[in-house]
Amino acid sequence: MVVTPSFVTHLKTHTEFYTVYSNEEDFIQLLTEGGHLTSEHVADVRGKLGDDGLLQHFIDHGDVTETAIAEVSAASIGTQVADLANGFIDPAFKSFLSLTDCRRFNAVPFYDDGSYLCIALADVLDFESQDAIPHIVNRECTFYAAPLKAIQMAWEQIFGDEVGQADASELHVVGDIGSDDSDAPVIKLVSGILVDAFKMRASDIHIEPLETSLRIRNRLDGKLIEVASHPKKLLPAVIARLKVMSSSMSIAEKRIPQDGRIQIKMGGKDVDLRVSSVPSNHGESIVMRILDKSALSLGLPQLGFLSDDQAVFAELLRLPDGIILVTGPTGSGKTTTLYACLNEINKPDKKIITVEDPVEYELAGINQVMVRADIGMTFAAALRSMLRQAPNIIMVGEIRDGETANIAINASLTGHLVFSTLHTNDAPSSVARLADMGIKNFLIASAVRAILAQRLVRKLCDKCKVPATLNEKELRMLNIDPSQLAESNIMGPGGCEACRDTGYRGRIGIFEIFLVDDEVRHLINQDMSTPQLRRRARELGMRTLREDGIRKVLVGMTSASEVIGVTMSDAD
């Protein structure tokens, strides 16, 4: 029998073969065997157009309908066609699949018989979707075929106005010199990729060519999530479109890495994307970093500083000279912290200059210089020139070598406040890192005012976090004294639509603040080893990354598993 929920709507839709049907040849063969197409007509069109877009051509020219495609594919695997036009679909079904996932799979949940959740698919032969969806909905599922247009209309009934919010038609590329034909399938596909990433608050978009497919993954709160898979043949067109949008990347060059930048307006907001392409064994791979300009207005509390650490760091920002270093691995939020610091002290009576590689955000009232190694504008060269501009405050994106470190040290000793980053695992080991670059201990002791090590942990979703307890293993790994639990407010992840059922929304920092006071200066001058320096710093009151994380677990900001995961090396 045919399942027949229905509704009436007037949503304009169109079908795009690359986002719908997993294998065109299978469908063409089924349509031919079912009498909807003739072998002669298929051969004739194939001879004119080749293999690309063949099924879409038949749909556009009325040779076949989406309904016919649904019928033959359903019959081929012994399922049925869901008649979505003759019944009511409960909007509560959006709790099973988000709109993003519905679009990803071209699917819609439409009926629950108590035992199985009924899902309509535009491509019922896509068995990867049939494997993935039950894990997402956490239910056993029965799959039906349905025309894509009917599925898209069902989305409007279930999700309402959300369907039309921030769709690809709202995306405008600043300075786009590409085609004006915004209806072109590839332009729509690329716009859809960007819009989906923007809506899910992703920080990165990964477009990766595999052996037989084109995989799209987004990074959300530090975790990579696969959001779509397309036929491999779309890769050249997608790469070309992104290079055109970036304007500074060459379409003809595919053998060497390239970097570019895309500026777009989406949903009324200005969004910058930093684009990187790298040749791989299956074609060019592109990663786009979404630069969130809202980070520019972050204060110390929003970064994750608790009140006592916030007061300490605020005092550091008022120093007239010296170096303040922020350390941690790539992706630990160092640049965001530096920008927040500059935003805090950016006043009309201060001249601030930065040297960055690249300039990620444009800061109002601040002079920013971008490193250009190809023309000799290195960190060291830029820093040397900046000192002739009589700045009060200098930010060096990263100290990578001894020359840059020496200039930064000398700048701090001649009355400048210098901010920079290092790649070290903790704060005290930065001293040894600078020494390895050739900086004398007495200069390190004289110049460095504080070193901030940091990591990012996922923040519990404020809308759905629930009271929780720590199990015996977590108590042991975090070395929490039971007395600390008396006045705690420990929370755990719940799961809601706002956080995509993950229980987490956004990230905050956990910090290790190493203050260089007179006693620490003496220890540095004595060439004390990193373990000894760290031990003494802790005796003087320095909290480790794990200890700061524990405080945030006890007040319900994050979970024990998050802190344990990012501080495994800090378990002393």
Side-chain angles (χ1 to χ4, degrees), residues 203-204 219 221-222 272 274 276 289-305 309-310 312-314 316-317 322-346 352-363 366 368-371 379 383 393-401 404-405 408 412 417-434 437 448-459 506-516 543-545 548-549 566-567 569-570:
S203 60
D204 303 276
R219 190 179 297 279
D221 295 336
D272 284 354
R274 198 173 73 198
S276 170
R289 167 73 63 86
I290 300 175
L291 303 178
D292 181 7
K293 292 189 176 181
S294 64
L296 300 183
S297 60
L298 291 178
L300 299 181
Q302 288 75 36
L303 292 177
F305 284 99
D309 284 344
Q310 181 182 336
V312 170
F313 208 68
L316 292 171
L317 297 183
I323 292 182
I324 297 174
L325 294 172
V326 181
T327 78
T330 300
S332 60
K334 299 187 299 295
T335 301
T336 299
T337 297
L338 288 180
Y339 278 135
C341 292
L342 295 184
N343 187 62
E344 190 89 7
I345 58 179
N346 185 14
I352 303 174
I353 303 181
T354 74
V355 53
E356 305 170 60
D357 182 19
V359 174
E360 292 195 357
Y361 303 97
E362 293 184 4
L363 301 168
I366 293 178
Q368 295 174 268
V369 178
M370 185 170 73
V371 167
F379 273 111
L383 188 52
I393 298 163
I394 297 169
M395 187 193 91
V396 183
E398 182 183 348
I399 294 178
R400 298 177 179 175
D401 53 63
T404 304
S412 70
L417 181 60
V418 180
F419 294 90
S420 191
T421 69
L422 279 176
H423 284 281
T424 61
N425 289 328
D426 63 3
S429 62
S430 298
V431 174
R433 178 78 179 109
L434 289 173
M437 292 182 183
V448 177
R449 297 289 181 265
I451 303 170
L452 175 76
Q454 71 176 65
R455 300 289 189 278
L456 293 178
V457 294
R458 290 186 296 172
K459 184 175 180 289
R507 290 190 288 176
I508 55 171
I510 57 174
F511 305 100
E512 180 177 277
I513 303 178
F514 179 38
L515 298 176
V516 181
R543 271 188 296 269
T544 67
L545 290 164
D548 189 48
V566 301
T567 60
S569 62
D570 190 28

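Side chains are part of it too, since the values below use all heavy atoms of this structure and drop only hydrogens, waters and symmetry mates.
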Going through the checks in order, is the side chain to side chain contact (heavy atoms under 4.5 Å, CB included) test met by Phe419 and Ile345? CA-CA 12 Å; Phe419 294 90; Ile345 58 179; 3.7 Å; yes
Can you find a pair of side-chain heavy atoms, one from Phe305 and one from Ile508, that are under 4.5 Å apart? no
Please confirm whether the backbone N or O of Gly397 pairs with a side-chain atom of Thr421, one donor and one acceptor, at under 3.5 Å? yes
What pairs meet the salt bridge (Lys or Arg N to Asp or Glu O under 4.0 Å) rule with one or both residues in residues 323-340, with sequence neighbours excluded? none
Rounded distance (nearest 0.5 Å) linking atom CD1 of Ile393 with atom CD1 of Ile352: 4.5 Å
Any heavy-atom pair between the side chains of Arg507 and Arg458 that's under 4.5 Å? yes
Leu317 side chain reached by Cys341 side chain, heavy atoms, under 4.5 Å: yes
Quick one about Gln454 and Glu512 (side-chain donor to acceptor, distance below 3.5 Å, no hydrogens or angles considered), yes or no? no
Show the nearest heavy-atom pair for residues Thr327 and Ser430, with the distance to one decimal. CG2-OG, 3.0 Å
Would you call Leu325 and Thr424 a side-chain contact if the rule is heavy atoms closer than 4.5 Å? no
Taking side chain as C-beta onward, heavy atoms only, is Thr336 less than 4.5 Å from Leu303? yes
Tell me the closest heavy-atom pair linking Gly509 and Asp548, and the distance in Å. O-OD2, 4.4 Å
How far does CG of Asp357 sit from CE of Met370, to the nearest 0.5 angstrom? 8.0 Å
Correct closest heavy-atom pair for Leu456 and Val566 would be O-CG1, 3.7 Å
Can you tell if the side chain of Met395 reaches within under 4.5 Å of the side chain of Glu356, non-hydrogen atoms only? yes
Between Phe379 and Val369, is a side chain to side chain contact (heavy atoms under 4.5 Å, CB included) present by the stated rule, with each step listed? CA-CA 9 Å; Phe379 273 111; Val369 178; over 6 Å; no
Where Ala450 and Leu316 come nearest, the two heavy atoms and their spacing: CB-CD1, 3.5 Å
Give, for atom CZ of Phe313 and atom CG of Leu515, the distance between the pair rounded to the nearest 0.5 Å. 10.0 Å
Check whether any side-chain heavy atom of Thr330 lies under 4.5 Å from a side-chain heavy atom of His423, and answer yes or no. yes
Can we say Asp204 and Arg274 salt-bridge, meaning some charged N sits less than 4.0 Å from an Asp/Glu carboxylate O? no
Roughly how far, to the nearest 0.5 Å, is CG of Leu545 from CG of Asn425? 9.5 Å
Pair Asp426-Phe514, side chain to side chain contact (heavy atoms under 4.5 Å, CB included): steps then yes or no: CA-CA 9 Å; Asp426 63 3; Phe514 179 38; over 6 Å; no
Give, for atom CG of Leu338 and atom OG1 of Thr354, the distance between the pair rounded to the nearest 0.5 Å. 10.0 Å
Tightest non-hydrogen contact, residues Gly328 and Arg455, listed as CA-NH1, 3.9 Å
So, do Ile324 and Leu452 sit near enough that their side-chain heavy atoms are less than 4.5 Å apart? no
Could you list the residues that satisfy side-chain contact (heavy atoms from CB on, under 4.5 Å) with Ser412, not counting sequence neighbours? Ile323, Val418, Ala447
Show the nearest heavy-atom pair for residues Thr404 and Leu383, with the distance to one decimal. O-CD2, 3.9 Å
Please determine whether side chain to side chain contact (heavy atoms under 4.5 Å, CB included) holds for the pair Ile399 and Met437, giving the CA-CA distance in whole Å, both sets of side-chain angles, and the decisive distance to 0.1 Å. CA-CA 10 Å; Ile399 294 178; Met437 292 182 183; 3.8 Å; yes
Going through the distances and angles, do Asp309 and Arg543 end up as a salt bridge (Lys or Arg N to Asp or Glu O under 4.0 Å)? CA-CA 10 Å; Asp309 284 344; Arg543 271 188 296 269; 2.9 Å; yes
Separation of Leu342 CG from Ile394 CD1 (nearest 0.5 Å): 11.5 Å
